[in-house]
A.B. asks: 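A single structure is presented below for examination.
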Amino acid sequence: MASILEKIASNLYQGEDEAVAELVHQALDHGLSAVEVLQGGLIAGMDEVGRDFKAGDLFVPEVLIAARAMHAGMGILRPLLAESGTPTAGKYVIGTVKGDLHDIGKNLVKMMLEGAGFETVDLGTDVAPQGFVDAVRQHQPTVIGMSALLTTTMTQMKTTIEALQEAGLRDRVKVMIGGAPVTAAYAHQIGADAYAPDAATAVDIARELAG
Ligand code: B1M
């Protein structure tokens, strides 16, 4: 039975969305649980994508195609996981900060997180500090992630952390930041919990933050 999970993982890696969907059905028909297929097939495949992306052996288009295959498998598993009440790796609210419309990197982070079993809430782009505050109240995530691609908008990350503090919510959520102009030093300076330089590292750190 391990071989069908390996096939799911390798087809996902190659971005074969139809094959992934077919294999997921087959695995379930053979009696594997949705959790086994998720962990041993989809997450295993996406972990490998993350490792090779980090190592520079895969590039953004290949990761996006793999993520599409992951979504094909998740579409089948999601209702089964919801039925069985399977806990996720954690809830992660993500958005691009106010004034910033760049979302390619943010979407990549979101897809990799989903591939790692996180439940994500995507607030989109141009998200005002109050938007993050409202989302923390509404969704009670483990982590919120802010993305910024402009030196002029990255300051919104600080404003958002201050807004969380003013709303009395800062202690209830971990804050991760990322995006091309952002650095670990900036994260430290503004009181974020973590900085991730790329989508694969964002997953590793989210796992740590979610305990
Ligand atoms: Co814009 N843009 N852009 N742009 N754009 C940059 C960012 C820029 C560096 C180009 C340049 O001048 N060389 C420059 C910023 C300069 C600066 O501030 N330092 C710039 C500018 C100036 C602008 C405008 C102001 C241009 C203008 O109108 N005069 C304007 C601003 C609009 C706005 O946002 N208000 C603008 C507009 C646009 C487009 C709309 C045309 C388009 C965005 C389309 C879209 O996103 N839907 C665009 C694009 C595509 C780019 C470049 C070319 C590519 C960005 C990208 O998607 N990279 C970019 C130049 C460049 O980087 N070569 C540029 C690929 C992506 C996978 O990488 O987003 O870095 P990245 O994400 C990585 C990591 O950073 C990290 O993980 C990702 C994957 O590993 N990461 C996180 C990202 N978010 C994270 C969050 C995390 C953790 C990790 O935790 C939460």
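Side-chain atoms are counted along with the backbone in the values below, which use heavy atoms only and exclude waters and symmetry mates. In each ligand, atom 1 is the first atom listed, and ligand 1 is the first ligand listed.
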A.B. asks: Can you list the ligand 1 atoms lying under 4.0 Å from a non-hydrogen atom of A199?
C.D. replies: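 In order of number, 77 (O), 79 (C), 80 (O).
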A.B. asks: Is T151 close to ligand 1, meaning an N/O of one under 3.5 Å from an N/O of the other?
C.D. replies: yes
A.B. asks: Apply side-chain contact (heavy atoms from CB on, under 4.5 Å) to residues N107 and M111 and explain how you reach the verdict.
C.D. replies: CA-CA 6 Å; N107 292 344; M111 286 177 207; 4.3 Å; yes
A.B. asks: Could you state the interatomic distance from CG (L32) to CD (Q39), rounded to the nearest 0.5 Å?
C.D. replies: 13.0 Å
A.B. asks: Any Lys/Arg nitrogen of R207 or D47 sitting under 4.0 Å from an Asp/Glu carboxylate oxygen of the other?
C.D. replies: yes
A.B. asks: Only heavy atoms count here, so choose which of G95, G99, G179 is nearest to atom 75 (O) of ligand 1.
C.D. replies: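 When every heavy atom of G95, G99, G179 is considered, G179 comes closest to atom 75 (O) of ligand 1.
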A.B. asks: Salt-bridged, R51 to D204, with N to O below 4.0 Å?
C.D. replies: no
A.B. asks: If I compare all heavy atoms of T151 with all of P181, which pair ends up nearest, and what's the gap?
C.D. replies: CG2-CB, 4.0 Å
A.B. asks: Hey, which atoms in ligand 1 end up nearer than 4.0 Å to a heavy atom of M146?
C.D. replies: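 So the answer, numbered in order with elements, is 86 (C), 91 (C).
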A.B. asks: Report the distance from atom CD of E114 to atom CZ of R78, rounding to the nearest 0.5 Å.
C.D. replies: 6.5 Å
A.B. asks: Using every non-hydrogen atom in the two residues, find where I177 and Y186 come nearest and quote the distance to one decimal.
C.D. replies: CD1-CD2, 4.0 Å
A.B. asks: Which of the atoms of ligand 1 are close to D100, meaning less than 4.0 Å from one of its heavy atoms?
C.D. replies: 34 (O)
A.B. asks: Closest approach of T153 and K98, non-hydrogen atoms and distance?
C.D. replies: CG2-O, 3.6 Å
A.B. asks: Does atom NZ of K91 have more than 12 heavy-atom neighbours from other groups under 6.0 Å away?
C.D. replies: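 Result for NZ/K91: enclosed.
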A.B. asks: Taking atom 1 (Co) of ligand 1 as the centre, how many protein N/O/S atoms fall inside a distance shorter than 2.8 Å?
C.D. replies: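 The number of such protein atoms is 1.
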A.B. asks: In terms of hydrophobic clustering (I, L, V, M, F, W, Y; side-chain heavy atoms under 4.5 Å; direct or indirect links), are L12 and V24 co-clustered?
C.D. replies: yes
A.B. asks: If we ignore hydrogens and angles and just use 3.5 Å, is the side chain of D52 paired with the main-chain N or O of D57 as donor and acceptor?
C.D. replies: no
A.B. asks: Under a 4.0 Å heavy-atom limit, does F53 contact ligand 1 with its side chain, its backbone, both, or neither?
C.D. replies: side chain
A.B. asks: Flag atom 85 (C) of ligand 1 as yes if some protein heavy-atom distance to it falls below 4.0 Å, otherwise no.
C.D. replies: yes
A.B. asks: Considering all protein heavy atoms, does one lie under 4.0 Å from atom 29 (N) of ligand 1?
C.D. replies: no
A.B. asks: If you scan the protein for heavy atoms around atom 21 (C) of ligand 1, do you find one that is closer than 4.0 Å?
C.D. replies: yes
A.B. asks: Does T201 offer a backbone N or O that forms a donor-acceptor pair with the side chain of D198 under 3.5 Å?
C.D. replies: yes
A.B. asks: Please write down residue, atom name and distance for the protein heavy atom closest to atom 34 (O) of ligand 1.
C.D. replies: L101 N, 2.6 Å
A.B. asks: Look at atom 74 (C) of ligand 1 and say which protein heavy atom is nearest, naming residue and atom and giving the distance to 0.1 Å.
C.D. replies: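 Protein heavy atom at minimum distance: P197 O, 3.5 Å.
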A.B. asks: Using the rule that Ile, Leu, Val, Met, Phe, Trp and Tyr join whenever any side-chain heavy atoms are under 4.5 Å apart, tell me whether V49 and L38 fall into a single cluster.
C.D. replies: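 Shared cluster, yes.
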A.B. asks: For atom 89 (C) of ligand 1, tell me which residue out of P181, A196, A180, A192 has the closest non-hydrogen atom.
C.D. replies: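 The option holding the nearest heavy atom is A196.
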A.B. asks: Using a 4.0 Å heavy-atom cut-off, say whether V109 meets ligand 1 through its side chain, its backbone, both or neither.
C.D. replies: side chain
A.B. asks: So, regarding D103 and ligand 1 (criterion: nitrogen or oxygen to nitrogen or oxygen, under 3.5 Å), is there a contact or not?
C.D. replies: yes
A.B. asks: Atom 50 (C) of ligand 1: which protein heavy atom is closest, and how many Å away?
C.D. replies: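 Minimum-distance protein heavy atom for atom 50 (C) of ligand 1 reads I104 CD1, 4.2 Å.
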A.B. asks: Between Y92 and ligand 1, which part of the residue brings a heavy atom under 4.0 Å of the ligand: side chain, backbone, both or neither?
C.D. replies: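 The answer is the side chain.
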A.B. asks: Is atom 11 (C) of ligand 1 close to the protein, meaning a heavy atom under 4.0 Å from it?
C.D. replies: no
A.B. asks: Specify the protein heavy atom at minimum distance from atom 68 (O) of ligand 1: its residue, its atom name, and the distance to 0.1 Å.
C.D. replies: G105 CA, 4.4 Å
